[in-house]
Amino acid sequence: MDQKFLKPYSPDETEAAIYKRWENSGYFNPDNLPGDRPDTFSIVLPPPNVTGTLHMGSALMLAIEDIIVRYKRMQGFKTLWIPGTDSAAIATQARVEKDIQKAEGKSRHDLGRPELLKRIDAFIETTKNTIIDQMRAMGASLDWSRYAYTMDDKRYGAVMHAFIKMYEAGLIYRGHRIVNWDPKGQTTISDDEIVYEERKDKLYYLKYGPFIIGTSRPETKFGDKYVVMHPDDKRYAQYADRQQIELEWINGPITAIVIKDPGVDMEFGTGVMTITPWHDMADFELAEKYDLPKEQVIDWYGKLLPIAGEFAGMKITDAREKIIEKLASKGLVEKIEDYTHNVATAERTGGMIEPQIKLQWFINVTKEYTAKDGTKTTLRDMMTQTVENGDVTFLVERFEKQYLHWAKNLRDWCISRQIWFGHRIPVWYRGNDMKVQVDSPGDGWEQDSDVLDTWFSAGLWTFTTLGWPDETEDLKKYHPTALIESGYDILPFWIARMIMMSGFHLGTVPFKTIYFHGLVRDGQGRKISKSLGNNIDPVDMAKKYGMDAVRIALIMGMAPGTDSKIDENKIRGYKNFANKIWNIARFVLENVEKTDIEEPHTLSKEDADDITELNRTVREVTRHLDEYRIDLAADAVYHYVWHTFADQVLERSKTVMNGTDVVAQRATAWKLYTILITSLKMLHPYMPFVTEEIWSSLSAQAGLPMKDGGMLMIARWPAVVE
RNA sequence: GGGCGAUUAGCUCAGUUGGUAGAGCAACUCUUUUACACAGAGAAGGUCACAGGUUCGAGUCCUGUAUCGCCCACCA
């Protein structure tokens, strides 16, 4: 027996070497897998941020996917798991800008676009290996020969192609729209980068002709000409829709126009409001509805425009008090109340968001187009029907409800972003002319300065990673993918967009099943965050307890779609399990001989019952895994190995092995060996390192014949033992 | 405000066609017997949030209440 079994299992001495063996074997690439494999199984990895490091959330994702992929590979599927990294455009650019500001005191405008992009690429070069090395440390059996990066040449070209195709189909258009403008960062930001801060402000009640209007933002009110109330509000029954009213306002007399709209809340304030379409989302929609003019009051730096008269050029925060003073002097302030509300601020700069109207690019989700199968549909209908038909299924049913609710209410998607790092919009302008193409049409043409929302390219990910728009073998074999696995928090951003993009460009679903895992929280159920300092680094934990322990600790008790908790104690517990397996192997190796495996035996009743119990476990574990309930399968195999195999079968066998019945001894040895082999196979997807290490000892050092030869990684998943 | 969940042992959670309540940690008792003390044996611990209903039978299905959580939209 190998001397290494005389001491406890030592992960740090084995893991890196084992991973190297797997990688050198080439079996991560399905093209190299041995045997006849008629069916394929493919997953794309949700690409982690290229500049990031592994956290427990991504560790959980890698563990789940690797477990499924290893299981399918052992079952005989031609199994492909595609690795990749994401440019995380906004986050990465912000990070590099911050570094440059700190080191050189320069802004991106000082550097210029080409120089900033060069710096970003250089930064990514220095950071990208960190995350890739950490994925390897996890034991992830990813096919590195197919590695993709969202901004590499192949993917960039595919994104351009996709944009142009959708433009040609009439689904991409340019239009005005309110955006979240961050005056401090001089950029538009997406809804999910907004942080709402509770703030104590004043609610001003102002006399607006015969009405009293409540506002927390008097500085936006200069251009307000429309006064809106509910049509059923009896207090204002005397005023007719579109009635004109002369009244005195901040900078003199104006003509106001009454609008009756049922969207007004009669209960709030006085039930009357004026609207500022340029700087308020809801007001913008009202203005669109009634085709009202829109006027800009605040400029891109947060200062008042000439429409504010004497206040022009002032910052809004400074102007507010002065405007109120003036209104008060004119007797237009009715009263002032304290008011607590949520204010939108930019996550990165901390600046107050100022809604502004800008020209943006959109995807139209309600316009008809001709689908690949010749039928007419809209993106929104296609996205809804795909799920209602069952072409895509959610492993956890409640997410289907969420998805459908979201998809049915889908609005046009704003895909342009005012940053520099990303897939630049392939549109060129010269005067009033516009051309949609990748390369410059010639002299005097200037490219649109915006880049695409990162979710645009992400939506294409399942097929750009397989070589699209070329009609590659990979695309034919591996698309649609079998499964997407991610956190449920990106359902609307990513999962839905993949269904949209794949449906439009390929006429197929991107994946057949959607598996959402929950958030990983700390031992007390709190979110993992930098400010709490409660992050548990999976790689650190692996150094202490072994990656196998980290992996199985993450997935034990983790029902799909439900948040789970992880703490160091749990990981420590599963380190003990790894050692348990180690010692089971040691015991079996001490008792089994080569001939025990090669020759037939007559089994006792007890031996037969033990094999029956093993078979029952194989069936249960296989059934759970087929339903992607890897947590239940893990529980079953864990319980079997420790409390049935080790505590009962193995303990009982001691009596036989110490006895004198040689025939029974040989049969028992065969039984122990058979159960060990089968257990290792069932455990391998979960704890690939320790099981592979034991496997290699069984085949090499002990000289025992392995039915499957070579590596456990490609051994056949256990069938019921006859 | 709209939507979706959760509530089961001290803690974390399973419980898949309704059929005598389960696991892992933690705590308790005993045991150092060459696979493993990173262990074994044993005992303890629950009105399954609450109130109704359907049923021979409900943790499971239905209705309502309470508390907690998440997502979306945010009120001038």
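Here is the naming used below: chain letters follow the sequence lines, and residue numbers restart at 1 for every chain.
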Side-chain heavy atoms of A/L483 within contact of A/I68, under 4.5 Å:
yes
Pair A/D610 + A/R652, salt bridge at N-O below 4.0 Å:
yes
Name the nucleic acid region contacted by A/L650, choosing base, sugar-phosphate or nothing; use a 4.0 angstrom heavy-atom cut-off, strictly under.
base
Would you mind checking if A/E627 and A/R629 are paired as a salt bridge, meaning a charged N to carboxylate O distance below 4.0 Å?
no
No-H, no-angle donor-acceptor pair, A/E651 side chain to B/A35 base, under 3.5 Å:
yes
Using atom CH2 of A/W406 as one end and atom P of B/C71 as the other, report the distance to the nearest whole Å.
16 Å
Rounded C1' spacing from B/A43 to B/A26 in Å:
16 Å
Rounded to the nearest angstrom, tell me the gap between atom NE2 in A/H517 and atom P in B/G5.
20 Å
Rounded distance in Å between the C1' positions of B/G18 and B/G53
15 Å
Under a 4.5 Å cut-off applied to non-hydrogen side-chain atoms, are A/K221 and A/I323 in contact?
no
Which part of the nucleic acid, if any, lies within reach of A/K401 when heavy atoms closer than 4.0 Å are counted: base, sugar-phosphate only, or nothing?
sugar-phosphate
For a quick check of understanding: with a heavy-atom distance under 4.0 Å over all strands, which category does A/F399 fall into, base, sugar-phosphate or nothing?
nothing
Regarding A/D631, tell me which of base, sugar-phosphate or nothing describes its non-hydrogen contacts under 4.0 Å with the strands shown.
nothing
Nearest to the side chain of A/D280, heavy atoms from C-beta on, is which of B/C75, B/A14, B/A35?
B/C75
Please determine whether any donor N or O and acceptor N or O are separated by less than 3.5 Å between the side chain of A/K580 and the base of B/C36.
yes
A/L410 CG to B/G3 P, in whole Å, measures 19 Å
What nucleotide, of B/A35, B/G24, B/A41, holds the atom closest to the side chain of A/R586?
B/A35
From the options B/A35, B/C38, B/A14, select the nucleotide whose nearest atom is closest to the side chain of A/I584.
B/A35
Between B/C38 (C1') and A/I552 (CD1): distance, integer Å:
15 Å
In Watson-Crick or G-U wobble terms, with both distances under 3.5 Å, the base opposite B/G69 is B/C4
What's A/A646 touching, base or sugar-phosphate or nothing? Going by heavy atoms closer than 4.0 Å.
base
A/K543 and A/E15 ion-paired at < 4.0 Å:
no
Is A/H643 close enough to B/G24 that one of its side-chain N or O atoms is under 4.0 Å from OP1 or OP2 there?
yes
Gap in Å between the two C1' atoms, one belonging to B/U31 and one to B/C36, rounded:
15 Å
Once you apply a heavy-atom cut-off of 4.0 Å, does A/G573 come out as touching a base, just sugar-phosphate, or nothing?
nothing
Can we say A/K408 and A/E388 salt-bridge, meaning some charged N sits less than 4.0 Å from an Asp/Glu carboxylate O?
yes
Base partner of B/A44, which must satisfy Watson-Crick or wobble distances under 3.5 Å:
none
Select base, sugar-phosphate, or nothing to describe what A/K570 touches, counting heavy atoms under 4.0 Å on all strands.
nothing
Searching all strands shown, indicate the nucleotide that pairs with B/U54 (Watson-Crick or G-U wobble; both distances under 3.5 Å).
none
Side-chain contact check for A/R629: nearest option of B/A35, B/C38, B/A14 is B/A14
Sugar-phosphate only, base, or nothing, as touched by A/T562 at under 4.0 Å among non-hydrogen atoms
sugar-phosphate
Would you classify A/R217 as touching base, sugar-phosphate or nothing, given that sugar-phosphate means primed atoms plus P, OP1 and OP2, and contacts are heavy atoms under 4.0 Å?
nothing
Rounding to a whole Å, what distance do you find between A/L404:CG and B/C4:P?
12 Å
Looking only at side-chain atoms of A/W642, point me to the closest of B/C36, B/G2, B/A39.
B/A39
If you measure from the P atom in B/A39 to the same atom in B/C25, how many Å do you get, rounded?
9 Å
With both distances under 3.5 Å as the test, what is the Watson-Crick or G-U wobble partner of B/A39?
B/U31
So A/H624, base contact, sugar-phosphate only, or nothing? Heavy-atom distance under 4.0 Å.
base
If you look at every strand shown and take non-hydrogen atoms under 4.0 Å, does A/I213 touch a base, only sugar-phosphate, or nothing?
nothing
Under 4.0 Å from OP1 or OP2 of B/G24: is there any side-chain N or O of A/R572 that close?
no
Spacing of A/N579 atom CG relative to B/C38 atom C1', expressed in whole Å
5 Å
Rounded to the nearest Å, what distance is computed from the CZ atom of residue A/F645 to the P atom of nucleotide B/A35?
14 Å
Taking CG from A/D635 and P from B/U16, how many angstroms apart are they, rounded to a whole number?
14 Å
A/W413 side chain reached by A/F362 side chain, heavy atoms, under 4.5 Å:
no
Give a yes or no on whether a salt bridge exists between A/K202 and A/E321, defined as a side-chain N under 4.0 angstrom from a carboxylate O.
no
Which of B/A35, B/C4, B/C25 is nearest the side chain of A/Q402? It is B/C4
